[in-house]
Amino acid sequence: MKRARKPYLAKEEFYTFFKQIPKAELHLHLEAVISRQTICRFYQRRHPDATAEQADTAITEMFTYSDLNGFIQAYLEVQDLYEDPSDFDYVFADLADYLVRNGICYAEVFAAPSAFIKKGWDFSELIDTYHRNVLKIKEETGIDVRLLIDVSRTFGFENAEKNLQLLLAYRIPEIIGIGLGGSEQKGPAKLFGNVFDKARKNGLVTVAHAGEDAGSESIWDSINILHAARIGHGTSAALDEELMQTLAKRKIPLEVCPTSNVFTQKYVKSISEHPIRTFFDKGIVVTLNSDDPLFFGAELLDEYWNMYSQTGFKLKELKQIIHNSFDASFLDEDKKRSFNELVIKKWKKEKI
Ligand code: HPA
Ligand code: ZN
């Protein structure tokens with residue numbers, strides 16, 4: 001007997017179904033999961049005479065950019081509105097809402113302390129806020145969050161070294177490693193080799209954004225010089241066959257963030273032309289992520305929907321990407337297995 005074909009899910013059914021499947025998100029920036037309401041609160045505190053409407057207009061203006069450096073500028077302008085470490089209590093509350101809304105059961109989240117260290121904040125207080133809030137999210141929602149400190153390409157290697165030194169001095173188990181975000185043009189990978197080596201020698205994991213705003217050589221350097229365990233974005237790998245073969249063979253996962261790439265415009269002009277399909281077909285371990293949900297207006301469920309409705313990914317391929325999200329994480333093998341089993345169970349229960 002011929003098996004019935006899997007149905008094509010309408011948008012609402014798709015969201016309902018994918019929300020209840022446990023997922024991991026591995027590329028998400030804490031300061032970009034802030035809600036508009038929280039930014040408004042911070043803005044009006046800084047400008048007590050501004051009406052809600054004026055605050056809203058100013059925030060919309062801040063959010064106008066068309067490339068990565070423009071986005072980073074806006075990202076820093078928002079961070080400039082924070083006044084002390086306890087402001088992160090609001091941001092973590094926004095993170096918790098985001099994770100629940102998208103059916104995410106495990107997240108590795110970038111936190112970027114550079115701008116706050118520059119403001120003269122007490123690092124131990126900042127770490128304390130991270131620590132307290134990660135525990136609070138676990139207690140209130142059952143969701144596990146682990147942090148990766150973005151030592152940043154934007155401010156140079158001395159700043160990155162300082163970030164690492166502070167991190168090692170105020171160590172907490174919830175911070176599992178470092179990442180390299182920020183301006184790929186201003187901060188080439190070769191500047192950060194020593195910082196990455198030192199982090200690994202001290203038991204931290206290391207990942208790097210690369211190939212988001214620079215060519216495939218930036219990804220090669222992140223693999224060969226930084227020895228990054230995963231690559232954030234990796235978009236320009238699509239222009240380098242040998243690199244795609246290497247990523248597939250060495251099982252170096254890509255944290256793909258499609259909507260972010262369309263916004264920053266460097267290698268991808270629309271979701272439907274995103275090379276994620278090529279990466280997947282070549283056997284690269286791809287994961288799907290939202291990167292900066294508030295800034296780019298897409299959350300994790302939207303990214304899954306975009307793949308389904310605009311790039312031809314089938315349901316069972318998206319299921320594989322969900323499994324990849326656990327397999328490519330820094331969870332231990334037992335936890336990976338139990339989350340993967342849960343995915344299979346929930347998927348079957350819904351008979352899709
Ligand atoms: N790219 C680089 N740096 C970042 C990003 C990003 O998408 N988001 C926050 N910092
Ligand atoms: Zn990012």
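Sequential numbering from 1 along the given sequence is applied to the chain's residues. First listed ligand is number 1; within each ligand, the first listed atom is number 1.
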**Study point:** Pair R277 + D281, salt bridge at N-O below 4.0 Å
**Key:** yes
Exercise for review: Flag the pair R153 and D213 as a salt bridge only when some basic side-chain nitrogen lies within less than 4.0 angstrom of an acidic carboxylate oxygen.
Suggested key: no
Check your understanding: At what distance is the nearest protein heavy atom to atom 8 (N) of ligand 1, and which residue and atom is it?
Key -> D292 OD1, 2.9 Å
**Study point:** Nearest-neighbour protein heavy atom for atom 6 (C) of ligand 1, which is reported as residue plus atom name and distance
**Key:** E212 OE2, 3.5 Å
**Study point:** Test item, T154 contacting ligand 1 (heavy atom, 4.0 angstrom)
**Key:** no
[X] contact mode with ligand 1 (heavy-atom cut-off under 4.0 Å):
X	value
T264	neither
E31	neither
F110	neither

N or O contact, [X] vs ligand 1, cut-off under 3.5 Å:
X	result
Y75	no
G182	yes
D291	yes

**Study point:** Option nearest atom 10 (N) of ligand 1 (shortest heavy-atom distance, choices E184, R153, H29)
**Key:** H29
Check your understanding: How are the rings of W121 and Y82 set to each other: parallel, tilted or perpendicular (split at 30° and 60°)?
Key -> tilted
Exercise for review: Could you label the plane-to-plane angle of the H27 and H233 rings as parallel, tilted or perpendicular, counting under 30° as parallel and over 60° as perpendicular?
Suggested key: perpendicular
Practice item. Give the numbers and elements of all ligand 1 atoms closer than 4.0 Å to a heavy atom of G181. Key: 3 (N)
Review point. Taking all non-hydrogen atoms of both residues, which atom of L300 and which atom of N289 are closest, and how far apart?
Key: CD1-CA, 3.8 Å
Practice item. Verify the neighbour count for atom CZ of F63: are there more than 12 heavy atoms of other residues, nucleotides or ligands below 6.0 Å? Key: yes
Exercise for review: Verify side-chain contact (heavy atoms from CB on, under 4.5 Å) between D240 and W220, making sure each step is shown before the conclusion.
Suggested key: CA-CA 10 Å; D240 186 332; W220 282 114; 2.9 Å; yes
Practice item. Could you state whether I321 and I344 fall into the same hydrophobic cluster, counting links through intermediate Ile, Leu, Val, Met, Phe, Trp or Tyr residues with side-chain heavy atoms under 4.5 angstrom apart? Key: no
**Study point:** Residue-atom pairs from the protein, N, O or S only, that lie under 2.8 Å from the Zn ion (ligand 2)
**Key:** H27 NE2, H29 NE2, H209 NE2, D291 OD1
Practice item. Indicate yes or no for a side-chain donor-acceptor contact from T64 to the backbone of E61 under 3.5 Å, with no hydrogens or angles considered. Key: yes
Exercise for review: Start with the C-alpha distance between E241 and K282, add both sets of side-chain angles, then the distance that settles side-chain contact (heavy atoms from CB on, under 4.5 Å), and finish with yes or no.
Suggested key: CA-CA 10 Å; E241 186 59 41; K282 286 187 184 286; 3.1 Å; yes
Study note, to complete from the structure: Which of F17, Y8, Y15 passes ring pair (Phe, Tyr, Trp, His ring centres under 6.0 Å) with Y308? It is Y8
